[in-house]
There are 2 protein chains.
Amino acid sequence: MIKKPTIRDIAHAASVSVGTVSRVLNGHKSVSPENRRRVEAVIRKFGYRPHPIAQSMRTDSTKMIGSLARNLTFPMMVGFINSAEPILNKAGYVLVFANGNDSVEHELMIIEMFLRRRMDGLLMTLCDEGSPKLRKALKAVNVPMILLDRELDLDTDTVWIDHRGGSALATDYLLELGHRRIALLAGSMVVRPARETEAGFRGAYAARGLIPAEQLIVRSDFMVASAYRSTTDLLAMESPPSAIIIGGTMMLPGVLRAINEAHLRIPEDISIINGCDSDLAEFATPSITVIRKDFAGMGTVAAQLLLERLGETQPKKSKPHRIILPTELIVRQSCAAPPTVAGNKTATRRAAVRRR
Amino acid sequence: MIKKPTIRDIAHAASVSVGTVSRVLNGHKSVSPENRRRVEAVIRKFGYRPHPIAQSMRTDSTKMIGSLARNLTFPMMVGFINSAEPILNKAGYVLVFANGNDSVEHELMIIEMFLRRRMDGLLMTLCDEGSPKLRKALKAVNVPMILLDRELDLDTDTVWIDHRGGSALATDYLLELGHRRIALLAGSMVVRPARETEAGFRGAYAARGLIPAEQLIVRSDFMVASAYRSTTDLLAMESPPSAIIIGGTMMLPGVLRAINEAHLRIPEDISIINGCDSDLAEFATPSITVIRKDFAGMGTVAAQLLLERLGETQPKKSKPHRIILPTELIVRQSCAAPPTVAGNKTATRRAAVRRR
DNA sequence: GGTTCAAAATGAAACGTTTCCATGATACTA
DNA sequence: TAGTATCATGGAAACGTTTCATTTTGAACC
């Protein structure tokens, strides 16, 4: 491997000073057309590319964006990264990715690492909004940062998904169908999505002058294993729910398994709505009604917001942006009127057989 | 934000030279216990951390690993990154991620970018093994590189998945059930997995002295849209297949949709086997038999292999590693004996109704 | 033709490390 | 005791840029 040419080589070959080459490179004004032409020719001829590390050393800017996620397993992160990464790339930035593994300690380490490595900007989702340590760490961040679906009292740009609206839509839909015992797998209250989901749920009840059954609101975490456990418990209750709203994005398999094992049919015996769309929701039998959330849109918006901040010459912060992305209820086949109270099981089972 | 202390500040505070501090930092031998103690104390007191960019500038090593994938949408990439990233992190490396978007041009740009940014190592999957440009670009790579599930005639470490074995297992299973018209959605022949899948398919036929129907082998790409189209075409054939093996990892929804629209039942009318496991495969009704592939294992192995190479003091290449990860057939409910030839449709439809 | 002024170009410093070379000190050998 | 390894340390160069202060150039003006 031949040694790469440096700016010095270019300067020499074009018989100008390194300063002049640098000015050509960075499009500065005062360089004569004649010299500019010559320098550019030599650059092309040598295939010269400036050394990014040396540039970083001098300018203290790395053209790198750090992205911290709780867990890449979440389908949302895939949609997010997939749409954010090309936008950043196009602007000359590179995405450095790290997994927080749902651990505060781990996330702290990663934040420290991002700052030490002089990331130019950060895209962050945290596992716990309540951790004072994390809050302090974020507060010390001195580069543009976009907070993703998290609520911390910091003056940073934020992109939120309207979990509350989606949840209300779903709840209202079930109430309209006649359900009165709706369970909610809300997830972990230490992050905004779970709290908003619960708020939307309660709001929909309240709008009809109804009150949800507290024991049907389950707050645990977003894992598939807890979903399975929670659903099993719910179905074993004295008076079980006639519908379940799944708050998280990856809990659906656990819920389906629990329902299968209880030998219940969807939607005859129980209705369900999932908290995000997925292959499984679309192609399960019956297909699952979902609250669709635009994670790809979140990636796009976050990337654009970040680039905007990075482009600001004035470091005097303009007011932080706060963007909320709408959600949508995709009605499929997993919801029906609740089983009638009298002659419950038999009636609905017969109906199901007729159905196909 | 206070200015960070530099090695010079430490040297001054500990009344030693910067050289000595550097030696302490890098664990060199010849520094007196007394000085080492003092320097370490000052470092702790100041909370000093060496500046990674300056280190890179001097050592020409960035502690960054570039990872190029065709498309993060592939579930395999998620499993892969999720398991590789923590291993690299633990060793002090950082994962820089880029999406090739299934475009040769784009992948070339990214490779160039990785090299320019002086990645210490590369984890690569390409969209086309046949592209001379890509081959040339890879050949010019002068850092350790692991090739993932791709076959190029280069002396780099490689991690392969045993697509051939898995495909043979699946094919044999269907042949054993009595199927003789098995379709294969092989995917795009420009990458190894597709070719190996087809080879395993043919091998299983050959092992029984049988010959597959060529018109049932479909070679297109791995997208869900093509899967839908191909399946629709297959089902519309004069004598359609009685079973389908899906070569790709994300084509299942397309196949299911086409089968639904043709009003065929799985497995009574048609058997299917998917090329990788997924939530959908596990929880679809009926659940789908799959060839399970260990993408997480691939991430682990690739990361370890890469770290091993990076740790080699001798740059004299030892023989390239070539690791093949086994596959496994997970039998679920999507396969049955083919419909009997006589009285075909009626017979099986009745059977299906009986079934539940 | 000399003076003035803006534009263009140069040369060197600086960014924060690592590493090499030289030097001094200490211990070991003959 | 002198000679010679060995070890510890300091000082400085080097990595490849950008930028700043300074000098050079050339045109315009009177």
Side-chain angles (χ1 to χ4, degrees), chain A residues 1-40 42-43 46-64 92 115-120 313, chain B residues 1-40 42-43 46-64 92 115-120 142-143 313:
Chain A
M1 190 75 182
I2 302 300
K3 202 152 169 11
K4 293 256 180 84
T6 78
I7 198 175
R8 226 170 239 107
D9 301 324
I10 305 302
H12 184 251
S15 355
V16 295
S17 73
V18 292
T20 303
V21 178
S22 177
R23 271 183 317 240
V24 170
L25 248 23
N26 298 291
H28 278 234
K29 39 235 121 219
S30 41
V31 38
S32 68
E34 155 64 9
N35 271 349
R36 160 159 292 133
R37 205 193 45 68
R38 222 173 47 244
V39 168
E40 278 167 349
V42 175
I43 286 177
F46 280 52
Y48 165 78
R49 304 300 227 112
H51 193 315
I53 313 262
Q55 288 179 310
S56 296
M57 169 99 245
R58 192 42 229 232
T59 61
D60 209 20
S61 128
T62 53
K63 292 285 186 176
M64 300 197 287
L115 294 181
R116 187 153 42 86
R117 286 195 177 246
R118 303 295 202 280
M119 297 291 142
D120 283 352
T313 38
Chain B
M1 190 76 184
I2 303 299
K3 200 151 168 11
K4 294 257 178 83
T6 77
I7 198 174
R8 226 171 239 105
D9 302 323
I10 305 303
H12 185 249
S15 351
V16 295
S17 73
V18 292
T20 302
V21 177
S22 176
R23 275 184 297 253
V24 170
L25 246 24
N26 298 290
H28 278 233
K29 37 235 123 215
S30 42
V31 38
S32 69
E34 155 64 8
N35 272 349
R36 159 158 293 135
R37 207 193 44 68
R38 225 178 39 249
V39 169
E40 278 166 349
V42 175
I43 286 177
F46 280 51
Y48 165 77
R49 304 301 225 109
H51 193 315
I53 313 262
Q55 288 179 309
S56 296
M57 169 98 249
R58 190 45 225 227
T59 60
D60 208 22
S61 129
T62 53
K63 291 282 184 179
M64 300 197 287
L115 293 181
R116 188 154 40 88
R117 287 195 176 246
R118 303 296 202 277
M119 298 291 144
D120 283 352
N142 55 345
V143 294
T313 37

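A, B, ... follow the sequence lines: proteins, then strands. Residue 1 opens every chain.
Panel note: side chain B:His28, backbone B:Ser30; no donor-acceptor pair is recorded below 3.5 Å. Using a distance-only test at 3.5 Å, with no hydrogens or angles considered, no donor-acceptor pair links the side chain of B:Ser61 to the main chain of B:Ser56.
Residue contacts shown for B:Ser30 include a base, since a base heavy atom lies under 4.0 Å away. Residue contacts for B:Ser22: at a heavy-atom cut-off of 4.0 Å it reaches a base atom on one of the strands shown. A:Asp60 comes within 4.0 angstrom of no nucleic acid atom, judged by non-hydrogen atoms across all strands.
Nearest heavy atom pair, residue A:Arg116 against residue B:Pro52, reads O-CD, 3.3 Å.
As a whole-Å value, the separation of B:Met57 CE from D:dA13 C1' is 13 Å. Between the CG atom of A:Asn26 and the P atom of D:dC20 there is a distance of 13 Å, given to the nearest Å. Rounded to a whole Å, the CG atom of A:Leu25 is 11 Å from the P atom of D:dT19. Between A:Glu34 atom CD and C:dA7 atom C1' there is a gap of 16 Å when expressed in whole angstrom units. One can place CZ of A:Arg116 at 16 Å from P of C:dG16, the figure rounded to the nearest angstrom. One atom, NZ of A:Lys4, and another, C1' of D:dC15, lie 15 Å apart when rounded to the nearest Å. Between the CZ atom of A:Arg58 and the P atom of C:dA14 there is a distance of 10 Å, given to the nearest Å. Straight-line distance from the CD atom of A:Gln55 to the C1' atom of C:dC15: 13 Å, rounded to whole Å.
Comparing A:Arg8 and A:Val31 against DNA chain C, the residue whose closest nucleotide sits nearer the 5' end is A:Val31.
Residue B:Thr59 places no side-chain N or O under 4.0 Å from the OP1 or OP2 atom of C:dT17. B:Thr6 has no side-chain polar atom (N or O) that falls below the 4.0 Å cut-off from OP1 or OP2 of C:dG16. For the OP1/OP2 pair of D:dA8 and a distance below 4.0 Å, the side-chain nitrogens and oxygens of B:Asn35 include no atom meeting the criterion. OP1 or OP2 of D:dG10 has at least one side-chain nitrogen or oxygen of B:Thr20 nearer than 4.0 Å.
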